[in-house]
Amino acid sequence: MTANRPGRARPAVVAPTDCWYALAPSESVGRSLLAYRVAGLPIVVFRTTTGQAVALHDRCVHRPYPLSAGHLDGDSLRCGMCGFIYGPNGQCLSVPTQSRIPLGAAVPAYPVREEQGLVWVWAGEPGRAALHRLPELPWLTKPGWASVGGDRLVQAGFLLLHESFADVTKIPVLDPALSPSVLKALPPPLEVEVTETTVSLSRKYPPGRLPDWQAHALGRPQDEELEHLQEGHFLSPAAWVDHWDVVLDASGTRARMRFTQLVTPVDDRSSRLLWRVSRDFGVEDSATAARLAELFAPYYATLAVALETMQQVFDEDGPEPEVNVSSDVAALRVRQIVQAMLAEERAPVPARRPANLTQRQLSPPRTPGRAQSV
Amino acid sequence: MTETYTSLREHEGDLVVEAVDQVAEDVVAVTMADPGGDSLPPWTPGAHVDLILEPDLIRQYSLCGTPSDSRTIRVAILKAPDSRGGSVYVHQRVHPGSLVRVRGPRNHFPLVASPRYLFIAGGIGITPLLPMMAAASAAGADWTLLYGGRTLASMAFTDELGPYGNRVTLVPQDELGILDLDTALGQPRGDTLVYCCGPEGLLGAVEQRCAAWPAGALHLERFAAKPAEPDAAADKPFELVLARSGLILTVPADKSVFDVVQQAGVSILGSCHEGICGTCEQIVLDGEVDHRDSILSEDERALNETMMICVSRACSERLTLDL
């Protein structure tokens with residue numbers, strides 16, 4: 001069946017580890033032990049008595065027992081099974097049955113940075129952490145902005161999430177009730193800009209009406225037609241940010257929204273999604289905050305279901321060739337960047353296409369000589 | 001039918017020159033920042049940018065600063081009077097405060113993780129290797145650098161290499177002769193990646209001596225196109241299928257794949273048009289490629305998975321690209 005279909009198979013992707021992933025909001029990391037998994041690695045996170053966030057490999061060196069199921073005593077972590085005690089640098093400090101500590105007894109400590117209201121963890125080679133920057137998300141903490149958000153485990157690989165963020169036409173299909181009127185009109189030209197490690201897309205919509213909640217929050221008449229500007233940014237495998245700005249007057253004043261989607265690959269088929277919807281208008285307005293939460297929590301739930309469905313198809317039936325269209329260039333570029341990252345880490349990089357396609361002739365398009373878009 | 005026109009471009013912007021430092025005889029290091037103080041795009045060791053000095057004067061230079069520095073980038077430029085004008089332009093007309101148009105970064109010389117590296121630099125070829133050595137040190141890898149130049153005074157960044165001590169071997173030709181590649185590369189090693197950048201003579205010599213090394217061990221970066229291209233008079237027309245766009249085109253004998261694709265209205269990236277910068281790389285879905293670029297290794301060519309469409313053509317009558 002597969003051999004008769006044009007296109008290329010989606011690679012089954014493992015996740016890069018040489019990347020800062022936003023594991024948790026700062027306020028949720030405290031004196032209790034939190035268990036996470038990043039790119040397949042078990043990680044226990046806690047805060048020391050001096051307030052330092054710490055991330056250690058979540059497995060006792062003695063026997064396969066998670067340290068997150070143990071106890072925090074001061075700045076030390078005691079295994080709940082065997083009583084080995086570890087310091088915040090991962091070094092074993094004592095064992096219950098002998099006075100000498102076994103040589104080399106330590107769990108890996110993962111580099112941690114706490115910035116922009118988030119605890120970021122580096123799951124790759126620790127020495128390379130300092131060479132990589134964090135994505136810049138100033139609207140999460142800057143005065144003059146307010147955010148609502150949530151997080152969820154999505155049973156889908158992290159690349160499926162990024163590819164869906166890169167697909168600008170999905171919102172009106174997924175959740176027609178949510179999308180502004182301009183999104184339902186014909187999509188304007190898509191501009192895609194790339195660098196070595198990032199992908200950005202932008203679109204400028206002709207004037208259209210604001211959704212009810214936004215007209216209310218901005219105190220604008222509902223039938224007013226305003227210009228909308230949309231941007232999407234793949235900043236790293238850990239972050240996709242959307243901008244959605246409305247131009248309010250002739251001088252170009254904007255009402256700005258930022259949709260921050262922080263993705264952490266859990267394993268090759270599940271991801272954590274931490275989302276924030278930020279605005280620089282109606283910042284003090286609790287009704288606007290409530291309305292945004294009411295709109296976007298279900299939106300991300302709907303998106304998660306769609307992604308999980310795709311992952312299920314992928315799991316059950318395996319990769320099959322897929323047809324891409326011109327506007328998929330952003331998603332394809334994201335895939336290329338991830339593949340290059342994996343190649344540099346010497347992680348297993350999936351083949352670009354299955355061997356059975358190499359000798360296959362493509363069936364010619366139906367209308368030769370004329371551009372088609374979907 | 002509704003059409004969404006998609007245009008693709010590389011990041012491009014004017015940067016302000018913060019410093020021009022003489023780092024060796026005829027070599028200046030140019031440090032640039034965003035005029036508004038914005039962060040510059042992230043990059044990894046081995047990356048390069050285009051300096052768009054004039055509309056028709058676009059040159060590629062490796063980034064030789066620190067990837068974690070979000071505020072500035074640095075390139076180093078050798079004044080080569082017999083070159084095509086880029087280096088002379090920079091040496092004469094770029095000063096602190098000048099605005100320079102920069103496109104990129106992009107990377108076709110990435111540093112792959114390895115327990116051990118052998119870096120080989122010829123002259124100004126030291127530039128992409130500088131951030132690589134810093135990254136290799138940070139990752140705890142074992143590495144050595146063999147660095148040759150005309151004279152010690154002509155060799156850039158010897159001061160920055162000082163802290164690396166005996167990892168670095170400086171070989172000024174007027175004192176010590178040419179690099180001893182036979183000793184450095186004579187014994188293939190499975191745990192070592194070789195990274196080499198420099199003039200064509202050095203690259204060719206290293207390539208030759210690495211023939212017995214494991215596939216994928218050698219990584220090269222060229223400043224100029226490889227010599228000895230096939231006879232252009234023998235070029236034949238062929239059919240070009242752009243799968244994603246749903247187009248079938250003809251590439252005549254006297255036009256490149258790049259030009260034909262662009263004239264058909266499909267938005268693609270391109271920069272050097274000589275097969276050295278890698279910007280126009282495209283995925284090949286079907287057909288046999290006549291590779292003429294200076295980027296892909298023999299192994300990568302044999303895979304027939306991608307091609308540089310500015311110079312490479314088809315051996316088969318039909319070529320299908322993922323475009």
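Here the structure is a predicted model, which is why all the values come from computation and not from measurement. We name chains A, B, ... by the order of the sequence lines, and we start the count at 1 in each one.
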Let me know if [X] has heavy atoms under 4.5 Å from chain A in its side chain, its backbone, both or neither.
X: B:Leu40; value: backbone
X: B:Leu269; value: side chain
X: B:Thr44; value: both

Separation between [atom1] of [X] and [atom2] of [Y], rounded to the nearest 0.5 Å:
X: B:Leu8; Y: A:Glu191; atom1: CG; atom2: CD; value: 11.0 Å
X: B:Thr306; Y: A:Gln336; atom1: OG1; atom2: CD; value: 9.5 Å
X: A:Glu193; Y: B:Ser7; atom1: CD; atom2: OG; value: 9.5 Å
X: B:Trp43; Y: A:Thr198; atom1: CH2; atom2: OG1; value: 14.5 Å
X: B:Asp322; Y: A:Leu332; atom1: CG; atom2: CG; value: 6.0 Å
X: B:Ser68; Y: A:Arg133; atom1: OG; atom2: CZ; value: 7.5 Å

Q) What are the two closest non-hydrogen atoms of B:Ala138 and A:Leu131, and how far apart are they? A)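 Of all heavy-atom pairs spanning B:Ala138 and A:Leu131, the closest is CB-CD1, 4.3 Å.
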
Q. Taking side chain as C-beta onward, heavy atoms only, is B:Arg9 less than 4.5 Å from A:Val192?
A.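 No, every pair of side-chain atoms sits at 4.5 Å or beyond.
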
Q. Would you say B:Asp38 and A:Glu136 make side-chain contact, with heavy atoms under 4.5 Å?
A.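 Counting from C-beta outward, B:Asp38 and A:Glu136 never come under 4.5 Å.
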
**Q.** Heavy-atom pair count under 4.5 Å with chain A, highest-scoring of B:Pro131, B:Gly265, B:Ser267, B:Pro110
**A.**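 Most pairs with chain A among the choices: B:Pro110.
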
Q.
Going by side-chain contact (heavy atoms from CB on, under 4.5 Å), name the residues that satisfy it together with A:Asp280, two or more places apart in sequence or in a different chain.
A.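 A:Asp280 satisfies side-chain contact (heavy atoms from CB on, under 4.5 Å) with A:Trp145, A:Arg256 only.
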
Q: Please look at A:Thr195 and chain B and tell me whether the side chain, the backbone, both or neither of the residue comes under 4.5 angstrom of a heavy atom of that chain.
A: both

Q | Portion of A:Ala130 that has a non-hydrogen atom of chain B nearer than 4.5 angstrom | A |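 Contact with chain B is through the backbone of A:Ala130 alone.
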
Q | Electrostatic pair A:Glu196-B:Arg106, nearest N-O below 4.0 angstrom | A | no

Q. Going through the checks in order, is the side chain to side chain contact (heavy atoms under 4.5 Å, CB included) test met by A:Arg346 and B:Leu193?
A. CA-CA 12 Å; A:Arg346 284 194 148 172; B:Leu193 297 182; 3.2 Å; yes

Q. Do other residues, nucleotides or ligands put more than 12 heavy atoms under 6.0 Å from B:Glu317 CD?
A. no

Q: With sequence neighbours excluded, tell me which residues meet side-chain hydrogen bond (donor to acceptor under 3.5 Å, both in side chains) with A:Asn89.
A: none

